[in-house]
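We count ligands from 1, going down the list as the structure has it; atoms in each ligand are counted the same way.
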Amino acid sequence: MNKRLITVTTVATVSKILNFSCVDGPGNRLVIFLQGCNYRCKNCHNPHTIGVCDHCGDCVSHCPANALSIRQNGSGKSQVIWEQALCTHCDTCLNVCPKQSNPKTQRYTVEEMLAVVRKNSLFITGVTVTGGEATLQLNFITELFTQIKADPALNHLTCMIDSNGSLNETGWLKVMPVLDGAMIDLKAWQEETHLWITGRDNHRVFKTLNLLAEQQKLHEVRLLHIPSVTDFQAEIDDLADYLSQLPISTQVRLNAFQHHGVTGEALEWPVCTKEEIETLAQQLEKRGVKNVVRPAVVFS
Ligand code: SF4
Ligand code: SF4
């Protein structure tokens with residue numbers, strides 16, 4: 001019997017690529033934003049990265065620059081086409097999309113993304129994959145990081161994931177051999193608070209934090225402080241006990257809630273002031289948490 005060799009190309013849906021960032025992991029990093037998220041955070045500051053476009057076409061007629069059109073692809077399915085050269089980045093399409101998506105996402109094969117990494121490799125120390133929730137496209141990440149590690153011209157780059165921590169243990173173990181570190185959000189201490197803010201409980205997040213800590217790959221835990229909403233201060237003793245037993249190399253990064261990009265009820269929540277973030281930092285440090293990192297800028 002003849003055997004046919006089938007090559008499966010791993011492709012990702014990408015909402016944005018930043019060629020240079022110094023806030024998404026250590027050093028200077030190329031940051032790849034993958035589209036789609038499994039959380040529904042009330043305070044999401046990038047809500048158009050949550051849904052995956054189903055090419056319904058609802059946004060097309062709203063584009064004031066005629067940068068969007070709808071066509072049939074080879075298999076007869078409707079497809080929204082975005083013409084980058086015409087786009088004025090007014091964000092109208094993002095605001096009218098009923099699925100919290102974006103018609104400007106691009107599909108990249110691993111090879112195409114490697115070309116982007118190669119082009120930038122002299123100017124960066126590593127690559128961070130974020131989202132949305134990056135780990136929803138785990139096969140792409142694993143293959144991309146594997147190729148980076150296998151290429152002598154690229155293997156000096158560190159490969160990191162920025163995640164909400166919802167990936168299961170099997171998934172983390174799959175990417176672990178080619179992962180240098182991860183930044184994980186802890187959005188609330190209590191399960192109920194986490195569920196209310198994100199739509200999901202946090203038991204997977206703690207499993208993720210524990211696994212990455214055990215493997216010495218937990219680069220950073222991120223706490224977004226929303227004074228009247230998150231429960232970090234109400235649970236300060238338990239929170240500090242937990243954070244202080246993490247590896248000394250793990251940073252505890254505090255972020256201060258602001259309204260930028262936020263929609264819906266979270267716009268009614270008060271922002272976090274510089275004094276409030278400093279109070280939380282000192283409460284943690286007083287209880288023995290090392291490596292607390294304050295936000296570089298608090299706007300209020
Ligand atoms: S971006 Fe939203 S509105 Fe536009 S085609 Fe996709 S799903 Fe429909
Ligand atoms: S962001 Fe670009 S594609 Fe979207 S509505 Fe504005 S001009 Fe059109």
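- Near L68, the atoms of ligand 2 lying under 4.0 angstrom from a non-hydrogen atom of the residue are 3 (S).
- The line from CG of L34 to CG of D162 is 10.5 Å long, rounded to the nearest 0.5 Å.
- Ligand 2 lies within reach of K104, whose nearest heavy atom is under 4.0 Å from it.
- Protein atoms that are N, O or S and lie under 2.8 Å from atom 6 (Fe) of ligand 1 are these: C53 SG.
- Here the closest non-hydrogen pair linking E133 and N164 is OE1-N, 2.8 Å.
- Contacts of L94 with ligand 2, taken as heavy-atom pairs under 4.0 Å, are absent altogether.
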Kindly list each side-chain donor-acceptor pair under 3.5 angstrom involving residues 115-123, sequence neighbours excluded, with atom names and distances?
{"residue": "R118", "atom": "NH2", "partner": "D151", "partner atom": "OD2", "Å": "3.4"}
{"residue": "N120", "atom": "ND2", "partner": "V116", "partner atom": "O", "Å": "2.8"}
{"residue": "S121", "atom": "OG", "partner": "R118", "partner atom": "O", "Å": "3.0"}

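- Other residues sharing a hydrophobic cluster with V31 under the 4.5 Å side-chain heavy-atom criterion for ILVMFWY residues are L18, F33.
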Worksheet item: Are K207 and W172 close enough, and set up right, to give a side-chain contact (heavy atoms from CB on, under 4.5 Å), and what steps lead you there?
Response: CA-CA 11 Å; K207 284 190 164 185; W172 283 114; over 6 Å; no
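- Closest protein heavy atom to atom 6 (Fe) of ligand 2: C90 SG, 2.3 Å.
- A donor and an acceptor atom, one from each side chain of Q35 and T105, are nowhere located under 3.5 Å apart.
- No chain of hydrophobic side-chain contacts below 4.5 Å, direct or via other Ile, Leu, Val, Met, Phe, Trp or Tyr residues, connects L224 to L186.
- Hydrophobic clustering places V205 together with W189 (ILVMFWY residues linked when any side-chain heavy atoms are closer than 4.5 Å, directly or through intermediates).
- Hydrophobic cluster of L94: no remaining members, since no ILVMFWY side chain lies below 4.5 Å from it.
- Among protein heavy atoms, the minimum distance from atom 5 (S) of ligand 2 is reached at C93 N, 3.4 Å.
- Ring planes of W269 and F257: tilted class, angle from 30 to 60°.
- Those atoms of ligand 2 that come under 4.0 Å of a heavy atom in W82, given as number and element, are 3 (S).
- The ligand atoms of ligand 2 that sit less than 4.0 angstrom from a heavy atom of C87 are 1 (S), 2 (Fe), 3 (S), 7 (S).
- Taking a cut-off of under 4.0 Å to the non-hydrogen atoms of P98, the atoms of ligand 1 that pass are 3 (S).
- Nearest non-hydrogen protein atom to atom 8 (Fe) of ligand 2 is C63 SG, 2.4 Å.
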